[in-house]
Each structure stands twice: as C-alpha cells, then as structure tokens.
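Worksheet: one structure, shown below.
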Amino acid sequence: MRTVDLIIFDLDGTLYSSRATTVGALECAVRDINERHGLSIPQPTEAKIMGGVGNTREDYVHGVLPTVPDEHVDETADLIWHWEHELIAGGKGSLFPGILGGLDAIKASGYELAVATNAGTSYMNFVLDYFDIRKYFSETRCAGEHGAGDKGDLIAGIIQRLGILPWRAVMVGDRSSDIHAAQKAGVWSVGCTWGFASSTELDGADQIAGSFPELLELLKEWPGRDAMAARHIDGSSQDR
C-alpha cells in the first residue's frame, strides 16, 4: 500500500539545470551595476555563484556579491533576473536529463506533484512555462508568496492547500535548505545528487536519490506513519 501521496520538488538544481544561465546572468549583472554606478564589484567565481543557488534573491545577492551597496541590492537582483530571462530564452538553460520522463512516470504512478522554490515569482513562472512543465504540478509556490517567511512555510502552505497530511508528503531537493525546510514542515525529504549540493550537504535527508528512476523506486517503498512518529515528528492525524 502506498504511504506517500504528494511529492514537492525544488526548482533550480532539482528540475532545472541553471548553471549556464546563472553564471552568465551574474557576470552580466555585475558588469551592468558597475557601469551604471561607477562601482568596482569583483566578478565572483563560478563556485561562489553556484554555492548561493537556493537562497532567496536578497540573500543570494548578499552572499554572492557582498560588496554590493545595500541601496543597489534590489537593482542587482532585478538585473540578474533580466539576464536569466534573456539567457533562458536564448536556449542556454535546460532541464536536467530525464526530468520529463521522470515527471511523467511519477505522475502516472498516481502521486500529486508540487513545486516549492526560493526563486522569485517571475523566475519560477517563466521556467515552468518555458519548459512546459507547469502541467505536472497541482500547486507551485515561491519565496515571498502567501506571506511565507521561508521554504518551510511554503511546504506547509502546499500541504494545507492540497489537504495532504505531512507524513504523506516528500520534499525533493538538492540543497541543505530543502532538507531543513522539510524538517520544519514535518514532511519527509529526499536529497537529489544530480543538483548543486556539496558532498556532505544532503547528509540529513531521509533518503538520497541519484536519478528519477531511483526516486520512483524509493517512493514505492517509503516507510509509513509509524516511522515518522519514531522520528518525533507529529504523525497523530488520521489517514486521508
């Protein structure tokens, strides 16, 4: 008997491979903000650029470009999104290999799907529509929507909106922030190794998947309510 009903996916690093567009967008945004305001903000390394993926846009700018003056943080974030849009539309971005077939297989197996991302609204919507994957998801939520303070709140809002019990939901993501958000919301977590995580970043996940076929097999054999209760997460609600 299936013990999971809902699979919630992160976007960047889980469904969408944003390395080419993110690195290019940062380089263009730094060039533009320097030219506009006579600044000398240094170009960050690719490792630093990708290390910040998964944060909200303001935290991303502060972390990757710490010398950007506070009064230019929003403008810099807007420039990054502008260039992300241009590069995606120019064919520089892509879904990870196997994503479409994987989403088809998971959907066909009867699971409900959703997206929770720290990306901005315009970015999330553009990626979902450009790659024609919105049709797979019953709910999509991003940072700043619905009064959410962090991704844990996004997950909690999704399961409440869809009427899913926490112990029957799984968050799939590639960063430690996805694992922590799942723990905060009281849902299970799967760390996906095809994204941008460091070697130890996913150590706290309930399960690790190296591919979508492996993810589907994990879901089929997922432990039930008793296992969740044993982890001291509230599993007191009755089944659907």
Heavy atoms only: give me the nearest [X]-[Y] pair and the separation to one decimal.
X    : Y    : answer
A119 : C142 : O-CB, 3.1 Å
G191 : A205 : N-CB, 3.6 Å
G54  : N118 : O-ND2, 2.7 Å
G186 : P166 : O-CB, 3.2 Å
L79  : A29  : CB-CB, 3.9 Å
E201 : R175 : OE2-NE, 2.9 Å

CA sep, side-chain torsions, deciding dist, call: R168, L6, side chain to side chain contact (heavy atoms under 4.5 Å, CB included):
CA-CA 7 Å; R168 296 190 70 95; L6 172 66; over 6 Å; no
Examine distances only and state if a side-chain atom of [X] and a backbone atom of [Y] form a donor-acceptor pair shorter than 3.5 Å.
X    : Y    : result
W167 : V187 : no
E112 : D5   : no
R2   : V4   : yes
T3   : P223 : yes
S109 : Y111 : no

Could you give me the CA-CA distance, side-chain angles and deciding distance for D104 and K107, then say whether salt bridge (Lys or Arg N to Asp or Glu O under 4.0 Å) is met?
CA-CA 5 Å; D104 281 332; K107 191 76 170 176; over 6 Å; no
Does the side chain of [X] reach to within under 4.5 Å of the side chain of [Y], using non-hydrogen atoms?
X    : Y    : value
L202 : S176 : no
L162 : S138 : yes
L103 : I99  : yes
D174 : F96  : no
V190 : M171 : no
Q207 : L218 : yes
H72  : H37  : yes
V73  : E58  : yes

Taking the ring of F9 and the ring of F212, is the distance between their centroids below 6.0 Å?
yes
Run the ring-centre check on W188 versus W222 and record whether the distance is less than 6.0 Å.
yes
Are a donor atom and an acceptor atom from the side chains of [X] and [Y] found within less than 3.5 Å of each other?
X    : Y    : answer
D203 : T200 : no
D12  : Y123 : yes
N125 : R134 : yes

Check [Y] with [X], please: is the shortest side-chain N to carboxylate O separation under 4.0 Å?
X    : Y    : result
R57  : D78  : yes
K48  : E46  : no
D153 : K184 : yes
D178 : K151 : yes

Roughly how far, to the nearest 0.5 Å, is CZ of F137 from CG of L11?
8.0 Å
Could you give the distance from CG (L154) to CD (E139), rounded to the nearest 0.5 Å?
10.0 Å
Evaluate the side chain to side chain contact (heavy atoms under 4.5 Å, CB included) criterion for residues I33 and L65: first the C-alpha distance (whole Å), next the side-chain angles of each, then the deciding distance (0.1 Å), finally the verdict.
CA-CA 11 Å; I33 204 73; L65 301 171; over 6 Å; no
Going by atom type alone, with no hydrogens or angles, which donor-acceptor pairs under 3.5 Å involve a side-chain atom of residues 81-93 and a protein atom two or more places apart or on another chain?
unit_1	atom_1	unit_2	atom_2	d
W83	NE1	D32	OD2	2.7
E84	OE1	T21	OG1	3.0
E84	OE2	T22	OG1	3.0

In one Ile/Leu/Val/Met/Phe/Trp/Tyr side-chain cluster, 4.5 Å: [X], [Y]:
X    : Y    : answer
I106 : I208 : no
I155 : I179 : no
L95  : L215 : yes

Any chance you could lay out the side chain to side chain contact (heavy atoms under 4.5 Å, CB included) test for D10 and L15, step after step, and finish with the verdict?
CA-CA 7 Å; D10 174 47; L15 300 175; over 6 Å; no
Begin with the C-alpha distance, continue with both residues' side-chain angles, and end with the deciding distance and a verdict on side chain to side chain contact (heavy atoms under 4.5 Å, CB included) for L219 and V170.
CA-CA 9 Å; L219 296 174; V170 175; 4.2 Å; yes
Measure up the Y16 and F131 rings against each other and bin them: parallel (under 30°), tilted (30 to 60°), perpendicular (over 60°).
tilted
Identify the residue among V172, L113, I158 that makes a side chain to side chain contact (heavy atoms under 4.5 Å, CB included) with I8.
I158
